[in-house]
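Take a look at the structure set out below.
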Amino acid sequence: MPNEALLPVAAPSDDPPRARALREYLVDRIVALGVRDARVLRVMREIPRHHFAPEYDLGEAYGDYPLSIGYEATISQPSLVGIMSEALELSGHERVLEIGTGSGYQTALLCHLASHVDSVELVPELAQRAASTLSALGCTNVDIHTSDGWAGWPQGAPYDRVVVTAAPEVLPPALLDQLADRGRLVVPVGSQDRDQRLERWRKAGDALYKQDLGAVRFVPMVHPPPTTTS
Ligand code: SAH
């Protein structure tokens, strides 16, 4: 069943008029940057992004730039979240795999744009915090997994869509393997030193098509995860 709309209705005390006004302003900017997908824009107008960056004031939470959320992670730049969500071409029926849950903001969008989301995060504290924010906002169609996203999430494959929000130096093969026929994968690839490029892959039977969506900058995908010695 398409997940048409089921936006969480945040209590007014959690979503003051100033936050709504800042969101409108931000989304107008994202429209001006070329994002046209009406469903993406609608959920961006509705989802209280400040819940995902509680340590920042409202002005910062709605600025069009990334914010540090600890553990070397950032909540991604909102215009880029809009661009990537549009690039996924979601109709509402898809099963989605996300790598790099971070704050859970992109995950919240996916909850409302797709039918089910598996989201993989390496840092247990971030995974836990995102899961509780998402649950408080009524996102029931998401499972957060603490794991190394380099391997994807084979238990749930195949996925209609895969989106990655930490940059691997090369494309992890498992992510293409876990993509369903006619699926799409959106991923930033490259190192911090060299230019990262946002890539969109489409699978059609045995054929794979890659499209370059431009230069981006994401935190690196950690792989292999650091080992702890004790
Ligand atoms: N979409 C998130 C972006 C978070 S930053 C947001 O807007 O909040 C990227 C995230 O990827 C970080 O939380 C980081 O811990 C995570 N990450 C890095 N390497 C990873 C890996 N190998 N597997 C899973 N998550 C990883």
Side-chain angles (χ1 to χ4, degrees), residues 23 26 30 40 43-44 47-56 60-88 90 96-114 117-134 137 139 142-156 159 161-175 178 185-192 196 198 216-228:
R23 275 208 297 284
L26 175 63
I30 292 170
V40 170
V43 295
M44 292 192 89
I47 291 177
R49 188 171 196 271
H50 59 283
H51 288 222
F52 296 88
E55 53 280 86
Y56 292 94
E60 291 168 321
Y62 289 102
D64 193 19
Y65 38 76
L67 296 167
S68 168
I69 53 169
Y71 307 94
E72 294 177 27
T74 60
I75 174 166
S76 305
Q77 183 175 5
S79 53
L80 199 46
V81 175
I83 288 165
M84 290 174 76
S85 300
E86 179 171 70
L88 286 169
L90 292 159
V96 180
L97 172 63
E98 177 189 46
I99 307 297
T101 317
S103 68
Y105 175 65
Q106 168 83 77
T107 324
L109 261 66
L110 295 171
C111 275
H112 294 285
L113 295 169
V117 186
D118 279 315
S119 186
V120 177
E121 169 57 52
L122 194 58
V123 178
E125 291 84 351
L126 291 175
Q128 229 161 52
R129 189 171 94 162
S132 84
T133 313
L134 289 161
L137 289 175
C139 294
V142 58
D143 292 314
I144 312 275
H145 312 282
T146 302
S147 185
D148 179 4
W150 177 269
W153 190 250
Q155 295 91 321
Y159 290 98
R161 301 289 187 269
V162 179
V163 60
V164 186
T165 66
E169 293 209 8
V170 295
L171 184 61
L175 301 184
Q178 291 169 28
L185 158 66
V186 174
V187 55
V189 179
S191 71
Q192 294 283 43
Q196 290 173 13
L198 188 63
V216 286
R217 189 161 181 138
F218 280 85
V219 303
M221 180 183 280
V222 179
H223 180 78
T227 47
T228 46

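Not measured: the values here are computed from a predicted model. Counting starts at 1 for both ligands and their atoms, following the listed order.
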- What do you reckon, does Gln106 have a nitrogen or oxygen under 3.5 Å from a nitrogen or oxygen of ligand 1? no
- Counting both backbone and side chain atoms, is some N or O of Asp148 under 3.5 Å from an N or O of ligand 1? yes
- Message: Assess the residue pair Ser76 and Phe218 against the criterion (side-chain contact (heavy atoms from CB on, under 4.5 Å)); give the C-alpha distance rounded to whole Å, side-chain angles, the decisive distance to 0.1 Å, and a yes or no.
- Response: CA-CA 8 Å; Ser76 305; Phe218 280 85; 3.8 Å; yes
- Plane angle bin for His145 and Trp153 - parallel if under 30°, tilted between 30 and 60°, otherwise perpendicular: parallel
- Is there side-chain contact between Leu88 and Leu110, with at least one heavy-atom pair below 4.5 Å? yes
- Task: May I ask whether Thr107 places a heavy atom under 4.0 Å from ligand 1?
- Result: no
- Task: List every atom of ligand 1 that sits less than 4.0 Å from any heavy atom of Ala73, numbering the atoms from 1 in the order shown and giving each element.
- Result: 12 (C), 13 (O)
- Mind checking whether Gly149 has an N or O less than 3.5 Å away from an N or O of ligand 1? yes
- Query: Hey, are the side chains of Ile75 and Tyr56 touching, using non-hydrogen atoms and a 4.5 Å cut-off?
  - Reply: no
- Would you sort out whether Val164 and Met221 count as a side-chain contact (heavy atoms from CB on, under 4.5 Å), showing the intermediate values? CA-CA 9 Å; Val164 186; Met221 180 183 280; 3.6 Å; yes
- For atom 5 (S) of ligand 1, what is the nearest protein heavy atom, given as residue, atom name and distance? Thr74 O, 3.2 Å
- Item | Backbone or side-chain N or O of Val222 under 3.5 Å from ligand 1 N or O | yes
- Query: Considering only heavy atoms, does Val81 approach ligand 1 within less than 4.0 Å through its side chain, its backbone, both, or neither?
  - Reply: neither
- State whether the number of non-hydrogen atoms from other residues, nucleotides or ligands found under 6.0 Å of Glu60 atom CD is greater than 12. yes
- Note on the structure: Residue, atom and distance of the protein heavy atom nearest atom 13 (O) of ligand 1 read Glu121 OE1, 2.7 Å
- Numbering as shown, the atoms of ligand 1 that approach Val123 to under 4.0 Å (heavy-atom distance): 15 (O)
- Please walk me through it: do Phe52 and Ile69 pass side-chain contact (heavy atoms from CB on, under 4.5 Å)? CA-CA 9 Å; Phe52 296 88; Ile69 53 169; over 6 Å; no
- Task: Below 4.0 angstrom from a heavy atom of Val219, which ligand 1 atoms are there? Numbered from 1 as shown, please.
- Result: 5 (S), 9 (C)
- Between Glu72 and Val219, does a side-chain contact (heavy atoms from CB on, under 4.5 Å) hold up when you go through it step by step? CA-CA 8 Å; Glu72 294 177 27; Val219 303; over 6 Å; no
- Item | Protein residue, atom and distance nearest to atom 17 (N) of ligand 1, heavy-atom basis | Ala166 CB, 4.1 Å
- Query: ligand 1 and Ser76, any nitrogen or oxygen pair closer than 3.5 angstrom?
  - Reply: yes
- Test applied, side-chain contact (heavy atoms from CB on, under 4.5 Å); reference residue, Val96; option that passes from Thr107, Leu90, Val142: Leu90
- Item | No-hydrogen, no-angle side-chain donor-acceptor test under 3.5 Å, Arg23 and Tyr62 | yes
- Ile75 heavy atoms, cut-off 4.0 Å: which ligand 1 atoms fall inside? 6 (C), 7 (O), 8 (O)
- Minimum non-hydrogen distance to atom 24 (C) of ligand 1, winning option of Leu122, Thr146, Thr165: Leu122
- Message: Out of all atoms in ligand 1, which are within 4.0 Å of some heavy atom of Val120? Include the element for each.
- Response: 24 (C), 25 (N)
- Item | Heavy-atom check, side chain of Trp150 versus side chain of Pro173, under 4.5 Å | yes
- Message: Out of Pro188, Ser103, Gly102, Gly104, who is nearest to atom 8 (O) of ligand 1 when you count heavy atoms only?
- Response: Ser103
- Does Ser147 have a non-hydrogen atom less than 4.0 Å from ligand 1? yes
- Closest approach of any protein heavy atom to atom 11 (O) of ligand 1, naming residue and atom: Gly100 CA, 3.3 Å
- Query: Looking at side-chain heavy atoms only, is the closest gap between Leu126 and Thr101 below 4.5 Å?
  - Reply: no
